[in-house]
Each structure stands twice: as structure tokens, then as C-alpha cells.
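For this chain, numbers begin at 1 and follow the sequence in order.
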Amino acid sequence: MSADVTAVVVRLKLSLLRNGLRQSGGRRAAYVASVVITLLFAALQLLGLIALRGDEHAESVVVLLVAVLALGWAVMPLFFPGGDETLDPTRLVMLPLRPRPLVRALLAASLVGIGPLFTLCLLAGSVISVAHGASAYVVGVVAVVLALLVCVALARAVAAANLRLLTSRKGRDLAVLSGLVIAIGAQLVNFGAQRLGSNGLGELDPAAQVLKWVPPASAIGAVRSVSEGSYGFAVVQLALSAGALVGLIVVWSRHLTRLMTAPDGSTLQAAGESGTRERTSTGLGRLLPAGRTGTVVERSLRYIWRDPKTKAAWVTSLAIGLIVPVFNALQGTGSIYFACFAAGMLGIQMYNQFGQDTSAFWMVALTISSPRDAYVELRGRALALLVITLPYAAFVTVLTTAMLDDWARLPEALGLSFALLGAMLATGAWTSARFPYSIPQEGYKNVAPGQTGLAWISIFGGMIGAALLCAPVIALVIWLNVSAGGDEWSGLLLPVGSAYGALLTWLGLRLAAPRTAARLPEILAAVSKG
């Protein structure tokens, strides 16, 4: 029975992925491109780890790598696009399935995908870099299997524990704090890497001495212990990883049982539905222009404030946009141009505008009957972003300038930031119409199954396009900095960059409007998938 359930669930996941790719040629191309890029990166990482073989600090590198990899498995499915596409267990709640067979089935289904294959490549490279002797390679095979299963089980246990949290209205707001913690942690890793580059791999040894006893890194530490003849240590390290796997499966099983048996808000009658309240426009609403533009701006700002996933994305972008330039300035390695990171992070919010509406986009689609309607809709959404991004980008730039005491470069940095923001608004409007994807409101995924590659192509393709559009302003900045007497004209970069960004935004909205109006049925089908 258990084997049958496992086979059915794995086939079901493969069918969902296959059917998602059959919907359009563009989606298939995006998925294939994402697979190729991921496998190419994994191959490069594998070759780098193999090249590390024989280095005295190889163990420290691979132990820390596996620890960071496990941390990524724990947080990526919850807070970032392209998360694990393992089936949502609550969709199987009406089926007569016991927890243990279901756990085994979902664990097997979780091993199907790009993420597990990427992890497998890194784990294999880690074993090769530290294994010496036949016995070490035999233990290495066991270590790779254990580490991979621990990573997958950790992701599933964390996701199951937070599923109700992310699906409740008030509870999902707590994900904002988690996103902020992740943003800060990523920057700490970045600064650690900078210090590592200046002081050498020996800086990793103290941390590795601790982490080689922490699962799943302890499994890789066992390979090095066998290579050195410390078989007792190897047995303990493998036992730690095996115990962690058993513990995670037990925790996962308990959360699955609770999810599939305990009532939630959908099965309890809502209280207090008899009273109604009349809503009036907020103070901001009264300041906005009348008509569709003001309505779209107010609606977009309400989504940012009220929708948990949208709010989490905004808070994370705001945090990273401030942390990168400020931390670099504090480290003494910063540049005023790092302030452009704020505009870049907030400009990403323009991508997948219609996917943020999810299935409610059909109400917006009913009001769009011409390219003019689509243009006004996109313009209102862009204005809502500018209400936040323009003052925030200016604030971060001025703060970075003050910390670096480089006031002469302030006009250049502001002009470049505004040009970058305009380019991202332009490409974001176009990719929103060309590569829309669904953001499921239920569960912990940020992209519907089968649309992961589409999401990455939309975001990174748009970012590359924005960088190319900013090339004239970047070239102007470089020319003024290298030419004699360029400082006298640097003040012109602020009006030039601002005007250029405004022009790019206008052109992007104009070009995206006809495509949006023509592709409304496809967009509606794509964003309603989740």
C-alpha cells in the first residue's frame, strides 16, 4: 500500500509539472532555460569543489557549504519565488491516507525537481573534495543520501509547521519579520565572504569545527573522519545526521496529522457577520486624483499594506535596499553607487503586477477594453510604486553620501538611481504582460507548480533589460569620472537621469499597454492558476 501511494504521488507531481508546461511554448522555453542555467551553475560548483581536493581547508569549505545549503532548504520554499513544488498536503485531506505512508510519498515527490538535483551535485562534489580511500567513498555515498534527505525533510517539516501560519490573515504578517531576518542574514554572509576573500580560507576553520557536528554537515564531516582514520568520530557524525532525519520526519508527520485532521477557518462558521461597516476613503485617497488613476493607486497601496505576501516582499526589498549600501559604507569598502541598490530592489516590485492580484484580476480585466484602459491601469500601478520608491531611493542615497562624506557625487548617484528605477518600471510593465505567473494565496509557495522557470525568466530577463536600458546613463557617469573637467558637469546627471528614467517609464507603459489589452485572456488564465 505504501509503495503504491508513493508511486501515485510521484506520478501526480510529474503530471502536474508536465501539464503546466503544455500550456504554452513560452512556458516550456522558460522552464528549459531555467533547468539549463541551474545545471550549468551546479556543474561549475561541482568542478570547483573537485578542484579544492587536497587543500588543507577543504573540509571547512564543504562543511560550511552543506550547512548553508540546509539553511537555504529551510527558508527558500517559504519566502522566495521558485520554491519547492512538492504537493500541498492539505489538498489530499479528503483521501483515506495515513500519515506515515503520506510522509514517505511526499518525501519521494520532494526529491523530484531541479532543487534536489542541484543539491545532489553540491553534495557529491563535497564528498569528492574530502574523501581519500575506498572506505571514505563508501561512507560518502551514505553521507550524500543522508544529507539530501535531511535537507528535503527539513524543508517539508518547516513548511508544514508554517502552513497554517502563512494561510491565516494575521499569521501571515509574521512572515514579514522572517523576510527581514533572511535579508539581514544574507548580507552578513556577503560581508563574511568579503572578509574571507581578504584573509583566506583559514577564517572558516573555527566555524567548521563546530558545524561538522551539526546535521546534515556532520554527514560530510564523517567522510573526512574516515579519510583520517577516525572511525569512531565518523560513526557518531553519521548517527547525528540519521537521528536528525528521523526527528524531522516525526515532526513532519505530527504537523501533517494536525493539518489534515484539525479544523480551520474554512470549516468553522464565521462570527460577527451580521454587522456591516461603511468604509470611507483614507486621507491618502483624498489626495489622489479622481478617476481610474487614483483608484488604481489606492488599490495598489492597500495591497502592499494588507496582503501578507506582498507586504513581505516589500519589507524584504526595503531592508536589503538599505542594508547593502549602509553595511558597505560601515565596512569602509562602500561606494556611493551602492545606493542604486535601493532603486533596483524596489523596482523589482513592478514585475508580475497582475500575478499579485491572483484570481481577483478578473475584476480588473473586466474594466479593460482598449489599450488606453490598459495604459491607465499600468500607469496607476507605476505611480503607486513611485509614491514609495522615489523618496526611499533619495533617502538611501543621501544617507550613503553622508556616511561616505562624498557629497560631490550625490547628483550622479541620484540621477543613476532614478534612471535605473525608470528602466525597471518600463521592463516590469512589459514582462507583467508577457510573462505573468500566479502567486498562490494558500500554502507556502510563491509560484504555482509549472511556472517556476517562467518566474525566473520574467524577473531576471527584465533586470537584464533594465541594465541595458541604463547603459547610456552609466556610460555618461563613467565618461564624466574619467575625463578632465568632468566634475564641473556632474551636476547635470541628476536632471538627465531623472528625465531619462521618466522617458523610459512612459515608453515602457505605452509599449506594454497594447500587449496587455491583447493578452487579457492569457494573463487571466496564468495568474489564476494558483
For residues 133-144, dump all side-chain donor-acceptor pairs below 3.5 Å to protein atoms at least two apart in sequence or in another chain.
| residue | atom | partner | partner atom | Å |
| --- | --- | --- | --- | --- |
| Y137 | OH | R53 | NH1 | 3.3 |

(request) Measure from the side-chain N and O atoms of Q353 to the backbone N and O of Q349, and report whether any donor-acceptor pair falls under 3.5 Å. (result) yes
(request) State, yes or no, whether a side-chain contact exists between F341 and L322 at a heavy-atom distance under 4.5 Å. (result) no
(request) Measure up the F118 and F41 rings against each other and bin them: parallel (under 30°), tilted (30 to 60°), perpendicular (over 60°). (result) parallel
(message) So, taking the atom named CD in Q356 and the one named CE in M350, what distance separates them when rounded to the nearest 0.5 Å?
(response) 9.5 Å
(request) Output the distance between atom CD1 (I114) and atom CG (L39), rounded to the nearest 0.5 Å. (result) 7.0 Å
(message) More than 12 heavy atoms of other residues, nucleotides or ligands under 6.0 Å from OH of Y392: yes or no?
(response) yes
(message) Less than 4.5 Å apart, side chain to side chain, heavy atoms only: is that true for H255 and V251?
(response) yes
(request) Determine whether F338 and V326 make a side-chain contact, defined as any pair of heavy atoms from C-beta on separated by less than 4.5 Å. (result) no
(message) Rounded at 0.5 Å granularity, tell me how far NE2 in H57 sits from OG in S129.
(response) 14.0 Å
With a 3.5 Å cut-off and sequence neighbours excluded, list the donor-acceptor pairs that the side chains of residues 63-72 form with protein atoms.
none

(message) Under the criterion side chain to side chain donor-acceptor pair (under 3.5 Å), I'd like the reasoning laid out for T427 against Y351: C-alpha separation, chi angles, the key distance, then a yes or no.
(response) CA-CA 8 Å; T427 56; Y351 294 90; 2.8 Å; yes
